Each structure stands twice: as C-alpha cells, then as structure tokens.
Amino acid sequence: MDRDAFLARIRSASASLSASSDPGILVPEQPPGDLVTRFCRELEAVDGVPHRAVDTDDALRIVLELMEGHRWFMARGPLPVPGLAGRLIHDGYRIMNSDVPPDPAARIEHQLAYKTLEVGITAADAALAESGSIVVTSGRESPRMASLIPETHIALVRTDQIYPSLSHFLAERSEVATRSSNMVVITGPSRTGDIEQTLTLGVHGPRQVHVVLIPFS
Amino acid sequence: MTSFLERARSDIGTPPIAALQIGARRFSDHRAHAVEAFPPMDDMRDRARAIRLHTLANLDRYLAQFADALEGVGGHVFFAADAHEANEYVVQLAHARNVERIVKSKSMLTEELHLNDALEAEGMEVVETDLGELIVQLANDRPSHIIAPVLHKTRFEIGTLFEEKLGVPYTDDPIQLNTIARRHLRPLFLTADMGISGVNIAVAQTGSICIVTNEGNGRLTTTAPRIHVAMLGAERLVPSIGDMSVILEVLARSATGQKLSVYTNVLTGPRRPGEPDGPDELHVVIVDNGRSKVLAGPSSEILACIRCGACLNVCPVYRTVGGHAYGSTYPGPVGSVLTPALFDLDEWSDLPYASTLCGACLEVCPVRIDIPRLLLDQRNLSVQTRTGPMWMRRPLRAYAGAATHPGRFRALLRAGAVIGRLFRTGWIRRLPWRGAAWTRGRDLQAPVKSFHRRWKERNRGS
Ligand code: SF4
C-alpha cells in the first residue's frame, strides 16, 4: 500500500482517541548501595561471572587465565586493557578475522569458519548494576559476532561505566543506542526454559559470560 | 470450523494441558516475585500505559517519523495493508535477491500472516530458530503460548520428535536436547541468505527496532544473513529511546519475572560503512492487517498490548483449556479480545465468552488493559448484532428479564440455592430445559447462599 494512503487510514481510525500529550520518561528510584557490589551480585544471579581486577595488569592476568585451554578468539579495537590482543597472539592464540566480505558466497564461507571460534573479547560501553547487564555496541571496532558466536564471552568494563539501571543509562546516554547499527544489552549467558521450563544455558549465544571490572584511574 | 467449546472439550485434562498448567503457574509465580522485588512497578506500569495510549492516539504521526528516521539510516520501509501485501513483499524481495535459505526468530505477527506458508510455497527453506518454535515446526504443531510456544509439550514428546526428525539418538534430557538444537541450527544460521524477525518495540524518533530474546536466536537472525527483514505490527511504536526503556522495565518482569531478558537488541538501520559485520540490507514491513479497524473500534485499547503473556499465565480458562482451544494465533485473554477485533466478530463470536471475567488479567497487565470490560463490550456487541452464539443469547435475555426486576431476581436466586443443595458438589453440570444451553458451555456454581445474604453478611463485617 502506498505510504500516504496507509497513514491516512490510520489517521482517520485514531481520530476519536483523545490526543494526550507525550507523558515522557520515568526513571525508577534505585536502592542505595555500592554500584560495583550490586553489579557483581546481580551478574552472579543471572549465571554470569564477575571478576574484580585491581588494575589493568591484573585484568590482563585474568583474561590470560580465562583463555587457557582455548585457541581461537575474536577481539578488536581499543580495549580498556592496552596490548591485550597482541599479547594473546604472542602467546600462541589465534585471532579470527571479523570482517565479513560483501560477496554473498564469500560471506557464507567466511562465517562458516566461526564454528571454531571459542572466545570473544569485547569492551562494554556500560554495565547496569540493577540487572547485572552489560551494554555492548557494534561498530568499526567491535564486531557483533564477538559477543554472540563463541561459547565464552569476556567483556571488559571500567567501574566508572556502571550505571544504576537501564533507565538511568538511557536517560543519560541515549545517543549510545543509535551511534552504531546495533546496541545490545546482555544480561547473563544465553538461556532457555522452553523444554518443561528447565533452565538451560548457551542455547545460541555464549554459555559463559565473564565481566572483568577495571578500576578507573 | 469447530467452536471454542468443541476444541476446549477435546483438550481438557490431557497431559499437554497438565504440562501447560504447571508452566503457566510457574511463570505467574516468577512474575509475582519480580513485581514484589521492584517497588516502582506500579508507577512504571502507569507510565508504560500512558506512553502506549499516547502513541496510539498519534499513531500516523509516529509511523511517519519512524519511516523517515529509518530511511535516513539506510533502511527500507514497506507499508502493508494486509497479510497478502506483506507476504508478497517478502516473497518478491527473496526472489530478487536469490534467497534460498531463511532463518526466522520468533514472531507472532508472521504466524498471523502465515508468512512461512507463503515462502515455502515458492520453494524457499524456512527454519524457525527459537527452540520452542523449532519444536513446533518439526512437529507440524501450533504454539500454545505467545512467549513459550511449547508450554504444552513434555520432554518425552520432544525427545521422540528429535529422534524422528533430526536423526539423533533418543534423549529426554533438556540440556542434551538443547545441545542437539544448537548443533542443528548453527550451520543453518551461518549459511542463511535472509533473516526474518518480529519487533518488540519500534522507536519513532530514531527508526530503531528492539528485539528481545533469551536464547540469542534473535541476534543471530539479525546478524548472520546478508538481508534482515523485520515484520512490525503497525501499533508497536513508542516515541523515543527513553520511552522504550519504560516499556523494557515492565516487559520482562511481567513475562518471565526477569529484570531484563538476556538479549535486549536495538537495531538502527543495516550495517554501516566500516562496521565489520551485520546485514547489508534491512527491510521493515509495517503491517496493518486489521489494526486500523481495531483502532477505530471499541476495543482500541487492546493495541496497547506489549505481548508479555502475563494475562495468559493467570487466566483460569487458559490454564484449563490450553492455547489451542482459542483457535487463532493469539490465545488467552488478550487473544479473546484481539482475534474477534482484528478479524471477524461473527466468525470468532464465542471467544469473548471464553472468560470468567475474574479480573486476574487486568490485575497483572503491565499496561493495565481492562480486558474484562473489553470482553463485555464485545459480548454486548455480538448479542446486539445477533452474531452471538444462540446458546448465549437466550439465557442472557432471560437473565436480563430477571435482573431488571429485583423481586424476580431474588426468587431466582432462592430457587438456585434450593437446586444447589440438591447437587452435592456445589456445581451444577446440567440445567434442565431452557437452562440446558447455558450449562453446555460451563458448569454453573450453585448459589449456596443468596448474594443478598452474602452482601448483608459482608457489610456486617463478618
Ligand atoms: S494484554 Fe497485557 S498482560 Fe496480556 S499480553 Fe498484552 S500486555 Fe501482557
């Protein structure tokens, strides 16, 4: 249907509804308490694993430990731990190319290689204390697949990037939602209860979600 | 077509209904806990309702704004008047782009449109990727719940199904069944040409669409294939990103008792220059298919629905008869209003009666839709226009005759109480003569005490 005709039909249908003004947003009040502690508790409640690093060196050590036993990883761009990807490659880990080619057949071939990918390492733009969530945007520096395809996702976030809740974050930083084609709020590992409501982790997305918190200095 | 009663009668008391009952009860317990742990819930519900009603009253303006914004970031928008136009657009697009394999994440709208049938008729392979929807597809079944499609299936049935259809050794362990599904679907995701999704919330100001899933299939469907097609019911907009967050605060809590679903995925246009992955094309199909009719009618409030499923989980009728008895895409209280309003009151005239009007749905609805009132309105309309079922019209007229005369009403109740004592169970399964039509559809609770007496007792504070 032509756009104008479609909209005209909707317009006349809604004519009898009282046109109230835009109510605007409402940011719920949050319980008091230290954001880092609350975030860690809530992340554990959704089966994620928080790691509190004392500094960036400690964060590097934590990531190296989590990488043990794996081989293929995906990481890109500036991470809050400088030199992380270089160090992993130096230690013999293999980095997966995350640039999807434009040609349809080449794209499929490229993506099939993802089946061997074990770990994705990304920065997070924010963490949300109330729900134990992390906010990850795709962009030049951060492929969507890194937090989606591997069995293990490691997210790095600075403690000054923790917000009380999704509402607080979007009220203050709504531009993050649209500055790239994709923003995802991740709350723990992939899960389903579809079969007799038995909780099962890692349906399509990662089975393990590690969040490494790095103090802001 | 069979009636609600016929469909319900053949399902009641079967193992699938028992499974569904446990599931629905568990969902509503989880919801209750989540709401209790979130003191601002009531205020957020009021705000969510106000946002949705405001959007509906200005829907044409917000749709135009959404389309402009989405085109501004490189997305394509198609306005579909009905199912035929919507399906035709997707079929033509798939042909034009040489699409062979399509992966789908869960979407009630595509079920309403029968989009899978339209694509399969053209020789395309369509794979459902939500674990529940995959099971429904393999079993050639229909979903019984709007967010948990196989609430009615036991692990044993699913184990047998996977053994038969996927050629794997039998297991009824949900974790192993899940691993089987993951292995089966992973290569299909990575090699699909097109991904089709629904939309939970569309944001007018930015042209963004928000898709909420727990499994991650929604993200894979909208990331791996080179073309993403999102099917959007025309009513499901909010003005801004902030408004979206208000809806998200109440959506998962009402649906599953989670604070947020695992993946709250916000997409604004296709992959941009320099981005390593994501689809090259994004098409959003905005579907009317009866929605403008609902908007103009007495049930317009139902379009504020955010499809959380809470009203199903608490409904005593849904819990007893299951999702299939409703006969349409949308079961439960929301479906009993939406189906006759969207399609045809004549054809679906028995659905508004598939309710006890107990009010549990209104109690839990995150946008406070007054479903009991909407059901009564529809009953009223169907009786007035004589489309209502005959078994309902006669007793209603008789009841109206009595109820408008207090003396006759009390006499009727006294008679009822006498009859009630004759039935040990307190339930009257079959009334004689004129009343037979009424009890064909329901068991009548015998009034042990008259309402008059109970009212007096209550006011004495006993
Ligand atoms: S009517 Fe209300 S409770 Fe029912 S699905 Fe819609 S939003 Fe949820």
Side-chain angles (χ1 to χ4, degrees), chain A residues 1 3 6-7 9-11 13-14 16-20 22-23 25-26 28-29 98-100 102 104 107-108 111-112 114-115 130-131 133 138-140 143-145 148 166-167 170-171 174 177-178 180-188 190-192 194-198 200 202-205, chain B residues 23 26 40 44 47 50-51 54 56-60 63-64 79 81 85 131-132 150 155 158 174-175 177-178 182 190-191 206 208 214-217 219-220 223-224 226 239 241-243 245-246 248-249 259-260 262-272 274-278 292 295-296:
Chain A
M1 196 176 195
R3 163 176 162 151
F6 187 101
L7 294 178
R9 192 159 87 168
I10 298 276
R11 189 174 318 121
S14 63
S16 63
L17 300 176
S18 57
S20 55
D22 187 344
I25 65 169
L26 179 66
E29 230 175 85
S98 51
D99 276 311
V100 172
R107 178 185 184 116
I108 286 175
Q111 291 187 154
L112 278 172
Y114 288 169
K115 284 200 276 186
E130 192 222 13
S131 51
S133 313
S138 73
R140 285 166 187 275
R144 299 183 190 193
M145 286 292 192
L148 179 56
L166 178 65
S167 292
L170 289 178
S174 70
T178 55
S180 68
S181 67
N182 181 214
M183 175 190 83
V184 61
V185 182
I186 301 174
T187 308
S190 156
R191 67 172 61 213
T192 186
D194 270 351
I195 301 177
E196 289 193 8
Q197 303 205 319
T198 310
T200 314
V203 198
H204 297 299
Chain B
R26 200 171 297 168
M44 294 307 278
R47 187 59 57 99
I51 289 169
H54 164 77
L56 291 177
N58 301 280
L59 192 56
D60 61 309
L63 281 169
F79 289 91
E85 281 189 18
L131 179 56
V150 289
R155 63 182 73 192
I158 297 166
I175 295 176
L177 289 169
N178 172 57
R182 181 181 172 115
L190 296 176
T191 57
T206 61
S208 309
N214 276 323
E215 300 180 1
N217 61 315
R219 288 190 71 200
L220 273 168
T223 296
R226 62 191 149 95
I241 292 283
D243 295 317
S245 76
V246 174
L248 290 170
E249 291 279 2
K259 288 171 182 158
L260 289 172
V262 177
Y263 300 109
T264 300
N265 197 25
V266 180
L267 299 155
T268 310
R271 164 190 191 181
R272 296 182 194 172
E275 289 184 355
D277 55 11
S292 52
L295 195 60

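The sequence lines fix the lettering, A, B, ..., with proteins before strands; numbering per chain opens at 1. It should be emphasised that the depicted structure is a prediction, and the values quoted were computed from it without experimental measurement. FYI, side chains are in, hydrogens and waters are out, and symmetry mates aren't considered; it's all heavy atoms of this structure.
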Can you say whether [X] sits under 4.5 Å from chain B via the side chain, the backbone, both, or neither, judging by heavy atoms?
| X | value |
| --- | --- |
| Ala171(A) | neither |
| Gln197(A) | both |
| Thr178(A) | both |

Check each atom of [X] against the heavy atoms of chain A and say whether the ones under 4.5 Å are side chain, backbone, both or neither.
| X | result |
| --- | --- |
| Ser208(B) | side chain |
| Ile158(B) | side chain |
| Pro239(B) | side chain |
| Asn58(B) | side chain |
| Pro40(B) | side chain |
| Glu85(B) | side chain |

At a heavy-atom distance under 4.5 Å, which candidate from [options] has the highest pair count against chain B?
| options | answer |
| --- | --- |
| Asp99(A), Asn182(A), Thr198(A) | Asn182(A) |
| Leu148(A), Leu112(A), Thr200(A) | Leu148(A) |
| Ala177(A), Ser131(A), Pro143(A) | Pro143(A) |
| Val184(A), Leu17(A), Ile108(A) | Val184(A) |

Not counting sequence neighbours, which residues clear side-chain contact (heavy atoms from CB on, under 4.5 Å) with Ser180(A)? List them please.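 By the side-chain contact (heavy atoms from CB on, under 4.5 Å) rule, Ser180(A) matches Thr137(A), Ser138(A), Glu275(B).
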Quick check: does any side chain N or O of [X] sit under 3.5 Å from a backbone N or O of [Y], one acting as donor and the other as acceptor?
| X | Y | result |
| --- | --- | --- |
| Asp22(A) | Ile51(B) | no |
| Arg144(A) | Arg219(B) | no |
| Arg182(B) | Gly202(A) | yes |

For chain A, which of [options] has the most heavy-atom pairs under 4.5 Å?
| options | result |
| --- | --- |
| Leu220(B), Leu248(B), Thr206(B) | Leu220(B) |
| Val262(B), Asn178(B), Val246(B), Thr268(B) | Val262(B) |
| Ser245(B), Pro270(B), Gly216(B) | Ser245(B) |

To check you understand the geometry: which heavy-atom pair defines the closest contact between Val100(A) and Arg107(A), and what is its length?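 It is CG1-CG, 3.4 Å.
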At their closest point, which heavy atom of Gly132(B) faces which heavy atom of Glu215(B), and how far apart are they?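 Of all heavy-atom pairs spanning Gly132(B) and Glu215(B), the closest is N-OE2, 4.5 Å.
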Could you point out which residue of Val266(B), Leu260(B), Asn265(B) forms a side-chain contact (heavy atoms from CB on, under 4.5 Å) with Val185(A)?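 It is Leu260(B); the other options fail the test.
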About how many Å separate CD of Gln111(A) and OG1 of Thr191(B), when rounded to the nearest 0.5 Å?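 Interatomic distance, Thr191(B) OG1 to Gln111(A) CD, rounded to 0.5 Å: 9.0 Å.
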Distance, nearest 0.5 Å, that separates NE2 of His204(A) from OH of Tyr263(B):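 One gets 10.0 Å once the value is rounded to the nearest 0.5 Å.
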Is the closest side-chain heavy-atom distance between Glu249(B) and Arg47(B) below 4.5 Å?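 Heavy-atom side-chain distance check fails, nothing below 4.5 Å.
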